[in-house]
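Encoded as structure tokens, the structure appears first; notes follow it.
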Amino acid sequence: MAKSKIRVRYAPSPTGHLHIGNARTALFNYLYARHNKGKFIIRIEDTDTKRNIDDGERSQLDNLKWLGLDWDEGPDMGGDFGPYRQSERKDIYVDYINQLLEKGLAYKSYRTEDELEADREAQKARKEMPHYVYEYAGMDEGQIAQAQADAEAKGLEAVVRFRVPEGATYAWDDLVKGNVSFESKTIGGDFVIQKRDGMPTYNFAVVIDDHLMEISHVFRGDDHVANTPKQLMIYEAFGWEAPQFGHMSLIINSETGKKLSKRDESVLQFIEQYRELGYLPEAMLNFIILLGWSPVGEDEIFTRQEFIKMYDEKRLSKSPAAFDGKKLEWVNNQYMKNADEDAVFDLALPQLIEAGLLEKHADPMTMEWTRKLISLFKREISYAAEIIPFAKPFFHGPAEINEEAKAELAEDDALTVLKEFRARIADVDYLNTVKVLKTIKSIQKDTKIKGRKLWMPIRIAITHEMHGPELPESIELIGYEQSIKNLDEMIKELS
RNA sequence: GACCCGUUGGUCAAGUGGUUAAGACACCGCCCUUUCACGGCGGUAUCAUGGGUCCGAAUCCCAUACGGGUCACCA
């Protein structure tokens with residue numbers, strides 16, 4: 001039964017940066033907590049001391065914050081159920097492991113890793129499922145004690161294994177998948193709950209912590225389904241009530257149909273990478289929520305608050321969610337278009353500096369110019385780094401003119417238009433949007449040339465491109481001198 | 001191999017016994033427009049296959065095929 005207080009957690013292991021799949025897990029737990037006015041807790045699962053990386057925890061939390069998540073208890077802020085790092089809870093686990101040992105529900109195991117590996121190889125060869133075989137089979141208590149004493153005498157160190165009940169069925173009503181059940185004999189034999197280094201294994205620590213932290217619901221990836229019966233056994237051994245589980249489908253690569261692997265380089269998978277490219281956090285949040293979950297109506301773009309309000313765990317999908325990079329870009333573009341100028345400027349400026357187009361501390365006039373440039377391309381780009389190719393011509397001057405554009409300039413009125421334009425700006429010493437627009441309109445009025453024939457020659461002569469954003473704005477950014485220069489060169493060439 | 005799970009258009013994805021089978025992305029066409037983009041409108045579906053159950057099935061049941069996940073002293 002559901003507990004009265006809703007408490008959910010996100011429990012990353014600090015073995016790497018925040019992966020998109022982890023972010024999704026965190027997000028759905030967060031959404032569930034906030035929707036139900038419960039608590040959202042972060043717990044660091046760092047029991048694998050070998051795999052932990054220095055920056056892991058900081059990076060996880062930092063990127064979660066960037067996505068807009070906040071939590072009520074965690075390693076960085078404490079809470080009533082701490083500590084929130086498993087490495088700091090070792091004494092707690094040892095205490096519970098001893099209880100199991102005393103009750104005879106767990107035992108010390110001295111099989112070496114080499115022996116176990118050999119067993120597994122042999123089982124595989126016989127086409128059996130790899131599994132641990134009880135090492136004290138057929139022995140009475142005295143014989144077991146003797147065997148263990150012998151092992152100790154040989155200097156072997158023990159791990160602690162949980163004695164899996166025989167002939168039992170472990171079933172639960174999964175929040176996503178419905179009824180799921182496992183026979184105890186299929187889970188692979190007595191599993192380790194305490195490693196040789198004294199640390200608990202994941203399957204043990206997670207139970208102790210979820211119970212002690214009064215976690216009511218656990219949303220996690222599909223890859224944990226097979227762990228659930230093991231955890232259920234431990235809850236049973238202690239006489240505790242298990243939380244409600246919900247196993248979400250995995251994110252797959254739409255190209256390969258396989259689970260997104262961290263080594264798969266065809267997809268950027270770490271939140272940090274998107275952050276560096278100048279994606280908007282609100283857009284990432286929105287996109288990730290759409291991975292394996294769908295809102296009721298036809299819209300797909302919502303704020304965090306709206307998601308919280310409408311979140312319903314029943315709408316989590318059972319089938320895998322395919323990662324669609326195109327969709328990601330589209331979602332980001334939606335946000336980019338609606339973002340205010342300052343936000344886009346803040347995002348794009350570092351990109352321009354990074355690309356070497358702009359100096360780090362440019363003068364105010366250059367900054368103002370850059371601001372206009374960025375806002376010109378705001379609706380074209382999905383993420384800030386995309387501005388670089390668009391912006392380059394404005395910094396480095398125009399590129400070579402292609403054949404298609406040359407053909408356009410060969411049109412009858414092209415030279416006329418250019419000469420008119422050049423003549424009409426001869427007596428000014430600046431060019432801004434308004435001035436350019438007025439000038440073009442006046443040419444239209446006087447020469448009756450209009451539309452494409454009027455605009456295209458000017459665009460090509462000054463920008464050397466057939467496509468681009470609004471012409472008057474573009475010319476303002478290119479500036480008076482450069483525009484005149486390009487115009488003169490083109491007129492000379494055509495004359 | 002065993003155990004769990006899934007399978008709706010080019011792609012993603014709503015839909016839980018009676019619908020013209022939503023919507024999004026992509027693509028194509030038209031409109032808007034100085035161009036591109038944006039925006040607007042429109043276009044394409046034997047719901048994996050085969051059997052059932054039912055007046056009626058994408059929806060329930062059973063097989064088959066295909067796909068995925070898991071079988072660690074990792075989490």
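For the numbers below, each heavy atom of this structure counts, side chains included, while hydrogens, waters and symmetry mates do not.
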What integer number of Å spans the [atom1] atoms of [N] and [M]?
N	M	atom1	value
B:C38	B:U46	P	29 Å
B:U59	B:C3	C1'	27 Å
B:U49	B:A58	C1'	14 Å
B:A65	B:G51	C1'	14 Å
B:G67	B:U8	C1'	15 Å
B:G50	B:U16	C1'	23 Å
B:G9	B:A48	P	7 Å
B:U53	B:C71	P	42 Å

**OP:** For ring pair (Phe, Tyr, Trp, His ring centres under 6.0 Å), just list the numbers for A:H224 and A:Y202, CA-CA rounded to whole Å, side-chain angles, deciding distance to a tenth of an Å, and then say yes or no.
**Re:** CA-CA 11 Å; A:H224 284 287; A:Y202 162 75; 5.4 Å; yes
Subject >> Set of ring-ring contact (aromatic ring centres under 6.0 Å, His included) partners for A:F40, sequence neighbours left out >> reply: A:Y30
Original post:
With sequence neighbours excluded, what pairs up with A:F390 under the ring-ring contact (aromatic ring centres under 6.0 Å, His included) test?
Top reply: A:F377
Show the distances under 3.5 angstrom between N or O atoms of the protein and N or O atoms of nucleotides 63-68 of chain B.
unit_1	atom_1	unit_2	atom_2	d
B:G68	OP1	A:K258	NZ	2.3

Original post:
OP1, OP2 of B:C5 versus side-chain N and O of A:K318: anything below 4.0 Å?
Top reply: no
Original post:
Phosphate oxygens OP1/OP2 of B:A14: is one of them under 4.0 Å from a side-chain N or O of A:S294?
Top reply: yes
Original post:
Between A:D55 and A:R58, is there a side-chain N and carboxylate O pair less than 4.0 Å apart?
Top reply: yes
Subject >> Short N-O contact, A:D48 and A:R51, less than 4.0 angstrom >> reply: yes
Rounded interatomic separation in angstrom, taking [atom1] from [X] and [atom2] from [N]:
X	N	atom1	atom2	result
A:R120	B:A72	CZ	P	5 Å
A:L291	B:A24	CG	C1'	14 Å
A:K230	B:C3	NZ	C1'	12 Å
A:D190	B:C73	CG	P	12 Å
A:E298	B:A24	CD	P	7 Å
A:W172	B:C4	CH2	P	10 Å
A:Y170	B:C4	OH	C1'	17 Å
A:N286	B:C25	CG	C1'	14 Å

**OP:** Please say whether the positively charged group of A:R111, taken as NZ for Lys or CZ for Arg, lies over the ring of A:Y132, i.e. under 6.0 angstrom from the six-membered ring centre and within 45 degrees of the axis.
**Re:** no
**OP:** Determine, for A:Y134 and A:R163, whether the Lys NZ or Arg CZ falls below 6.0 Å from the six-membered ring centre while staying within 45 degrees of the axis.
**Re:** yes
**OP:** Carefully, step by step, assess A:L31 and A:F219 under the rule side chain to side chain contact (heavy atoms under 4.5 Å, CB included).
**Re:** CA-CA 11 Å; A:L31 252 19; A:F219 291 94; over 6 Å; no
**OP:** Specify the residues of residues 44-63 of chain A, ordered by number, for which at least one heavy atom lies under 4.0 angstrom from an atom of RNA chain B.
**Re:** A:E45, A:T47, A:D48, A:R51
What N/O pairs connect the protein and nucleotides 33-42 of chain B at under 3.5 Å? Give each pair on its own line.
unit_1	atom_1	unit_2	atom_2	d
B:U34	O4	A:E470	OE1	2.8
B:U35	O2'	A:M466	O	3.2
B:U35	O2'	A:H467	ND1	2.3
B:U35	O2	A:G468	N	2.8
B:U35	O2	A:G468	O	3.1
B:U35	N3	A:R459	NH2	3.1
B:U35	N3	A:G468	O	2.8
B:C36	O4'	A:H467	ND1	3.1
B:C36	O2	A:G468	O	3.4
B:C38	O3'	A:K337	NZ	2.7
B:G39	OP1	A:K337	NZ	2.8

Quick check: are there more than 12 heavy atoms from other residues, nucleotides or ligands sitting under 6.0 Å from [atom1] of [X]?
X	atom1	result
A:K309	NZ	no
A:K108	NZ	no
A:D446	CG	yes

Subject >> Watson-Crick or G-U pairs under 3.5 Å in RNA chain B, rendered as dot-bracket with [ ] for crossing pairs and | for another strand >> reply: ((((((((.[[[..)..(....]]].(((((.......)))))....[[[[[..)....]]]]])))))))....
**OP:** Identify, between A:Y110 and A:A226, the residue whose nearest nucleotide on RNA chain B lies closer to the 5' end.
**Re:** A:A226
Original post:
Which residue lies toward the 5' end of RNA chain B, A:A322 or A:H131, if each is placed at its nearest nucleotide?
Top reply: A:A322
Which part of the nucleic acid does [X] contact within heavy-atom distance under 4.0 Å: base, sugar-phosphate only, or nothing?
X	value
A:A321	sugar-phosphate
A:S181	sugar-phosphate
A:V159	base
A:R126	nothing
A:R43	nothing

Within this structure, what is the [atom1]-[atom2] distance for the pair [X] and [Y], rounded to the nearest 0.5 Å?
X	Y	atom1	atom2	result
A:M233	A:I193	CE	CD1	12.0 Å
A:I234	A:D210	CD1	CG	11.5 Å
A:E306	A:N286	CD	CG	9.5 Å
A:F302	A:M310	CZ	CE	3.5 Å

Original post:
Given the rule in the side chain to side chain contact (heavy atoms under 4.5 Å, CB included) test, do A:V225 and A:K177 qualify, once you have shown the distances and angles that lead to the verdict?
Top reply: CA-CA 10 Å; A:V225 169; A:K177 295 176 174 299; 3.8 Å; yes
Which nucleotide sits closest to the side chain of [X]: [options]?
X	options	result
A:S317	B:A75, B:A14, B:A24	B:A14
A:K326	B:C74, B:G23, B:A26	B:A26
A:E113	B:A75, B:C73, B:C25	B:C73
A:Y202	B:C4, B:A75, B:G23	B:A75

Original post:
Is there a donor-acceptor contact under 3.5 Å from the side chain of A:N29 to the main chain of A:Y10?
Top reply: no
Subject >> Pair of N/O donor and acceptor under 3.5 Å linking B:A75 base with A:D223 side chain >> reply: no
